[in-house]
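Since the model is a prediction, treat every value here as computed from it, not as a measurement.
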Protein chains: 2
Amino acid sequence: MDDDALDRIFKALGDPTRRRIIDRLRERPRQSLFEICALSFAQDGATLSRQAITQHLDMLEKAGLVRVEWSGRTKLHTLDAGPLRAAVGQWLQTHL
Amino acid sequence: MDDDALDRIFKALGDPTRRRIIDRLRERPRQSLFEICALSFAQDGATLSRQAITQHLDMLEKAGLVRVEWSGRTKLHTLDAGPLRAAVGQWLQTHL
DNA sequence: AGAATATGCAATAAAATCATTGCATGTCAA
DNA sequence: TTGACATGCAATGATTTTATTGCATATTCT
């Protein structure tokens, strides 16, 4: 876990929209982009465009926090807490 | 600890320069701006201007991660790990 | 095949971040 | 009281982030 990886992970966590996406993916894995958009609107009242959500998901994926799996024409997103654990374990724990 | 506070904390951690400042303040508290600048140069070889460091320290202070104390003409900075613990405790631990 | 569905790609544009430079202010010390 | 020291404030600019819009591609269903 190098410095750039820590950057990506902490930056990914530094946005409330992305934290809520993580919240929901933790409650239920394998959600499609449309499901995430619908829940963002239903639960947060957030009127974000689909592309905005896509870009957030891309960041989460590049940070290694979200894994992707294709099923036909739908892209299923699943939370991977591994990098989160690694980041906390390597960096945060020495500072607490 | 509201959403904005989490934003400030995680964004503060999302920059390598700030993480190294935290590292150093953890090893030794009550460091002045000049000390931090000097060590940034000596240890990292980073040629950051004094103002750049000042702005990073401001962000850390606004995130509640650094406490400040004046001693004459020098401003002493000290790490406060409390908000870090709170953020990890409230948000991260439910996701690990 | 044609229509509806689910997503990707690309070009913006506004706002925030990161770093710099120049000048000003307050404090200590000779 | 002058000079050196430690920091603050403000303006600027480059880069990144955040969100939008429009069009394209691929898959499923009838």
Using whole Å, report how far CG of L48(A) lies from P of dT18(D). 11 Å

Rounded to whole Å, how long is the line connecting atom CG of D15(B) with atom P of dT16(D)? 13 Å

Measure from CG on D7(A) to C1' on dT17(D) and round the result to the nearest Å. 14 Å

Which whole-number value in Å describes the distance from I36(B) CD1 to dA6(D) P? 14 Å

Is a side-chain donor-acceptor pair under 3.5 Å present for R20(A) with Q43(A)? no

Over how many whole Å does the gap from Q55(B) atom CD to dT12(D) atom C1' extend? 12 Å

Has S32(B) got a side-chain N or O lying under 4.0 Å from the OP1 or OP2 atom of dA6(D)? no

R50(A) has an atom CZ; how far is it from atom C1' of dG8(C), in whole Å? 8 Å

Would one find a side-chain N or O of K75(B) under 4.0 angstrom from OP1 or OP2 of dG8(D)? yes

I'd like to know if R73(A) reaches the base of dG8(C) with its side chain such that a donor and an acceptor end up less than 3.5 angstrom apart. no

Any base atoms under 4.0 Å from T47(B), or only sugar-phosphate, or nothing? Heavy atoms, all strands. sugar-phosphate

Using whole Å, report how far CG of L57(A) lies from P of dT7(C). 10 Å

Write down the atom of D2(B), the atom of A5(B), and the distance for their closest heavy-atom approach. OD1-N, 3.0 Å

Kindly give the heavy-atom pair with the smallest separation between P16(A) and D3(B), and that separation in Å. CB-OD2, 3.1 Å

Taking all non-hydrogen atoms of both residues, which atom of C37(B) and which atom of I53(B) are closest, and how far apart? SG-CG1, 3.7 Å

Please determine if D44(B) and R24(B) form a salt bridge, counting it only when a charged side-chain N lies under 4.0 Å from a carboxylate O. yes

Residues from residues 38-46 of chain A sitting under 4.0 Å of DNA chain D, heavy atoms only? none

So which one's nearest nucleotide on DNA chain C is more toward 5', K11(A) or L76(A)? L76(A)

Would you call E61(B) and R67(B) a salt bridge, using N to O less than 4.0 angstrom? no

Ionic contact status for D7(A) with R19(B), cut-off 4.0 Å: yes

dC5(D) P sits how many Å from L33(B) CG, rounded? 15 Å

Do any side-chain nitrogens or oxygens of S49(A) fall under 4.0 Å of OP1 or OP2 in dA19(D)? no

Side-chain N or O of H56(B) closer than 4.0 Å to phosphate OP1/OP2 of dA19(C): yes

Hey, which of these two, Q51(B) or M59(B), hits DNA chain C nearer its 5' end, going by closest nucleotide? M59(B)

